[in-house]
Trainee: 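Please find one structure pasted underneath; my questions will follow.
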Amino acid sequence: MSGSLPGPARDWTVGTAPGIFPFIGHGIDLVRRPLAFLNSLPGHGDLVEIRLGPQRAWMACHPDLVHQMLRDPRTFDKGGPLYDRLRMLLGDGVGTCRHQDHRRQRRLLQPEFRKARVADQVSLMGEEVESVCRAWRPGQVVDISATMLDLSTRVVSRVLFSDSLDTATAAEMRRCLATVVRGMFVRTVMPVDALFRVPTPANRRYRHASDRLRAIVDAAIAQRRRGTAHDDRDDLLATLLAAKRADGGGTAITDQEVHGQVLTLMFAGAESTALCLSSAVELLGRHPEEERRLHSEVDAVLASGQPPGPDELPRLVHTRCVLTETLRHRPPGWLFTRVTTQETELAGHLLPQGSTVMFSPYLLHHDPAVFPDPDRFLPDRWLPGQAVAVPPGAMIPFGAGSRKCIGETLALAEATVAVAFIARHWRLRHLPDYTERLRPAASLGPRGLVMVSEPRTRPPMSTPPPADSRAPGTTVVPVVHDSRTAGGNDVRDA
């Protein structure tokens with residue numbers, strides 16, 4: 001059902017995806033076979049109508065159309081099923097608020113995410129990844145998804161609250177985040193409220209997890225407010241509370257906004273970075289030559305064996321190429337929605353006010369016209385002087401335009417520190433006889449798999465040494481990615 005419509009610079013094609021089921025639309029395809037469904041859409045047009053439950057939506061399949069949307073946030077505002085659901089959980093924080101509130105909120109938070117500020121936080125990132133690796137032991141099964149989520153949760157909690165959350169609270173927050181991410185995806189692709197009001201075990205788990213996340217944030221804020229006047233911690237929560245106490249100037253924020261900003265940054269900063277790290281670990285395990293080149297670089301740059309600092313980060317060129325290619329190959333946030341605030345034209349097609357428009361970074365990142373051999377993991381695509389010219393809107397792991405993710409610099413620094421330190425001490429390889437589990441549709445990250453992590457400092461031991469003699473980098477560790485913790489929708493284009 002495709003037809004050619006004239007556009008300003010080319011003839012656009014507009015069509016409708018087949019296979020619409022009554023009441024649930026294309027929800028089954030998006031849940032059960034998301035990649036195959038996404039990859040099929042360009043064959044039906046540059047702009048393709050799909051159904052999210054009974055609701056009509058339009059998927060922009062061409063980077064020029066996505067670029068048009070992201071450069072006009074006034075017309076294509078944050079909205080649609082994804083952000084409607086996120087607002088119910090997170091409130092109107094910087095990642096979910098409407099266009100008219102975004103500039104004020106972004107200016108409030110921007111100083112905490114400037115490059116100089118992130119450089120000051122590199123040492124705490126190194127402390128946390130070193131702490132995570134220190135817990136690995138010979139023969140221990142390590143859940144890579146949970147481990148990376150634990151790491152990113154630790155980092156974001158220190159950025160937000162200075163001190164890490166206590167062990168029990170951090171573990172509970174990790175579990176709640178995983179539950180909410182899974183539930184959020186299903187509620188996005190099948191936005192039928194009646195389905196989620198039924199008191200099923202899954203719905204009860206989602207509501208409980210949502211309530212506990214809010215309670216954890218409220219408790220952290222309340223504890224800080226009970227602090228003394230001399231409690232001048234230099235963290236993001238202090239910035240928010242100081243802004244709340246400010247008078248005039250349009251910068252004062254309410255109690256509800258403090259809660260929303262903290263919850264938004266916690267949600268996005270933990271889940272998205274964890275997915276990137278999990279995917280990078282798995283992809284390196286599947287590509288030993290790329291792993292070898294990474295080892296060569298980190299051995300030279302991190303000769304002391306310590307985590308990288310601000311001076312070492314710029315020298316980790318191949319490490320950054322690995323992460324950039326990971327973000328292209330498996331973007332953590334792979335499906336986003338917008339809503340039109342007025343009648344407008346896209347791909348020569350007239351969209352009425354209130355239309356839901358979608359875009360998928362995964363789909364754009366796998367366009368063979370832009371990225372040759374898109375399904376191959378090729379970090380050299382991003383080497384200085386070799387990177388191909390990428391048109392605007394084609395490579396958007398962090399979004400683009402004024403709503404580009406505020407935490408991009410922080411996330412890339414954290415991922416670089418983690419991947420470099422782990423690669424400095426460990427060699428990852430797959431166990432071929434392990435049966436992979438099906439990954440949840442909400443994730444484009446790695447499936448459940450076992451990897452063996454061998455020490456790079458000396459040959460692996462045949463028997464575990466005494467517990468008090470085991471140190472990071474001297475163990476053989478089966479590493480497991482547990483698909484139950486994976487996610488895939490976030491607020492990266494904040």
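On a predicted model such as this, the values are computed, not experimentally measured, just so you know.
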Trainee: Applying side chain to side chain contact (heavy atoms under 4.5 Å, CB included) to Trp382 and Met395, what does each step give before you reach the verdict?
Mentor: CA-CA 12 Å; Trp382 308 103; Met395 177 66 179; 4.0 Å; yes
Trainee: Under 4.5 Å between any side-chain heavy atoms of Met125 and Leu410, yes or no?
Mentor: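 Answer yes - side chains close enough.
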Trainee: Could you check whether any side-chain N or O of Arg338 sits under 3.5 Å from a backbone N or O of Met69, counting only pairs where one atom can act as donor and the other as acceptor?
Mentor: no
Trainee: With sequence neighbours excluded, tell me which residues meet side chain to side chain contact (heavy atoms under 4.5 Å, CB included) with Ala270.
Mentor: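 So Ala270 forms a side chain to side chain contact (heavy atoms under 4.5 Å, CB included) with Leu149, Ser152, Thr153, Val156, Leu177.
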Trainee: Between Leu65 and His62, is any pair of side-chain heavy atoms under 4.5 Å apart?
Mentor: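 Answer yes - side chains close enough.
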Trainee: Which of these, Val419, Leu284, Leu283, Leu275, sits in a side chain to side chain contact (heavy atoms under 4.5 Å, CB included) with Thr326?
Mentor: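 Among Val419, Leu284, Leu283, Leu275, the one that satisfies the side chain to side chain contact (heavy atoms under 4.5 Å, CB included) with Thr326 is Leu283.
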Trainee: Can a donor-acceptor pair be found, under 3.5 Å and without considering hydrogens, that links the side chain of Asn39 to the backbone of Leu35?
Mentor: yes
Trainee: Specify the closest pair of heavy atoms between Thr416 and Leu412, including all atoms of both residues, with the distance to one decimal.
Mentor: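 Closest pair (atom of Thr416, atom of Leu412, distance): OG1-O, 2.7 Å.
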Trainee: Using the test ring pair (Phe, Tyr, Trp, His ring centres under 6.0 Å), find all partners of His287 that sit at least two apart in sequence or belong to another chain.
Mentor: Phe377
Trainee: Is there a side-chain contact between Cys276 and Leu323 (heavy atoms, below 4.5 Å)?
Mentor: yes
Trainee: So which atom in Gly79 and which in Thr337 form the shortest heavy-atom distance, rounded to 0.1 Å?
Mentor: O-OG1, 2.6 Å
Trainee: Do the charged groups of Arg104 and Glu257 touch, with an N to O distance under 4.0 Å?
Mentor: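 The answer is yes: the pair qualifies as a salt bridge.
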Trainee: Identify whether the distance between the nearest side-chain nitrogen and carboxylate oxygen of Arg158 and Glu127 falls below 4.0 Å.
Mentor: yes
Trainee: Any chance you could lay out the side chain to side chain contact (heavy atoms under 4.5 Å, CB included) test for Val129 and Val155, step after step, and finish with the verdict?
Mentor: CA-CA 9 Å; Val129 69; Val155 172; over 6 Å; no
Trainee: Is any side-chain heavy atom of Leu70 closer than 4.5 Å to one of Phe76?
Mentor: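 No - every pair of side-chain heavy atoms lies 4.5 Å or more apart.
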Trainee: Do NZ/NE/NH1/NH2 and the carboxylate oxygens of Asp150 and Arg154 come within less than 4.0 Å?
Mentor: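 A salt bridge links Asp150 with Arg154.
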Trainee: Without swapping roles, check the side chain of Glu297 against the backbone of Val317 for a donor-acceptor pair under 3.5 Å.
Mentor: yes
Trainee: Is the shortest distance from a Lys or Arg side-chain nitrogen in Arg98 or Asp92 to a carboxylate oxygen in the other one below 4.0 Å?
Mentor: no
Trainee: To the nearest 0.5 angstrom, please state how far the SG atom of Cys97 sits from the CD atom of Gln105.
Mentor: 4.0 Å
Trainee: Can a salt bridge be assigned to the pair Arg424 and Asp299 using a cut-off of 4.0 Å between side-chain N and carboxylate O?
Mentor: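 A salt bridge links Arg424 with Asp299.
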Trainee: Between His259 and Arg214, do the side chains contain a donor N or O and an acceptor N or O under 3.5 Å apart?
Mentor: no
Trainee: Is the shortest side-chain heavy-atom distance between Met59 and Leu38 below 4.5 Å?
Mentor: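 In contact.
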Trainee: Keeping the roles fixed (side chain from His329, backbone from Asp375), state whether a donor-acceptor pair exists under 3.5 Å.
Mentor: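 Between the backbone of Asp375 and the side chain of His329 there is a qualifying donor-acceptor contact (under 3.5 Å).
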Trainee: Any sub-3.5 Å donor-acceptor pair from Gln261's side-chain atoms to Gly93's backbone N or O?
Mentor: no
Trainee: Considering non-hydrogen atoms only, spot the tightest contact between Gly401 and Arg71 and give its length.
Mentor: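 Of all heavy-atom pairs spanning Gly401 and Arg71, the closest is CA-NH1, 3.7 Å.
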Trainee: For Phe371 and His365, take the angle between the two ring planes, folded into 0 to 90°, and tell me which bin it lands in: parallel under 30, tilted 30 to 60, perpendicular over 60.
Mentor: perpendicular
Trainee: Look at Asp235 together with Arg224 and state whether they make a salt bridge at an N to O cut-off of under 4.0 Å.
Mentor: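 Arg224 and Asp235: salt-bridged.
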Trainee: Salt bridge or not for Glu282 and Arg330, using N-O below 4.0 Å?
Mentor: yes
Trainee: Evaluate the criterion side chain to side chain contact (heavy atoms under 4.5 Å, CB included) for residue pair Leu160 and Leu265; output intermediate values, then yes/no.
Mentor: CA-CA 8 Å; Leu160 286 167; Leu265 295 169; 4.2 Å; yes
Trainee: Could you walk me through whether Leu313 and Val417 pass the side chain to side chain contact (heavy atoms under 4.5 Å, CB included) test, one step at a time?
Mentor: CA-CA 8 Å; Leu313 287 182; Val417 170; 4.0 Å; yes
Trainee: Do Val298 and Leu294 have side-chain heavy atoms sitting under 4.5 Å apart?
Mentor: yes
Trainee: Can we say Glu289 and Arg293 salt-bridge, meaning some charged N sits less than 4.0 Å from an Asp/Glu carboxylate O?
Mentor: no
Trainee: Do Leu109 and Thr239 make a side-chain contact, defined as non-hydrogen atoms from C-beta onward lying under 4.5 Å apart?
Mentor: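 Side-chain contact under 4.5 Å: no.
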Trainee: Tell me if a side-chain donor or acceptor on Glu408 pairs with a main-chain N or O of Phe398 at a distance below 3.5 Å.
Mentor: no
Trainee: Any side-chain heavy atom of Pro308 sitting closer than 4.5 Å to one from Leu302?
Mentor: yes
Trainee: Just by distance, do the side chain of Ser40 and the backbone of Phe37 share a donor-acceptor pair under 3.5 Å?
Mentor: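 The answer is yes, because a donor-acceptor pair under 3.5 Å joins these two groups.
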Trainee: Hey, does the side chain of Thr96 reach the backbone of Tyr83 with a donor-acceptor pair shorter than 3.5 angstrom?
Mentor: no
Trainee: Tell me the closest heavy-atom pair linking Leu327 and Pro397, and the distance in Å.
Mentor: CB-CB, 3.9 Å
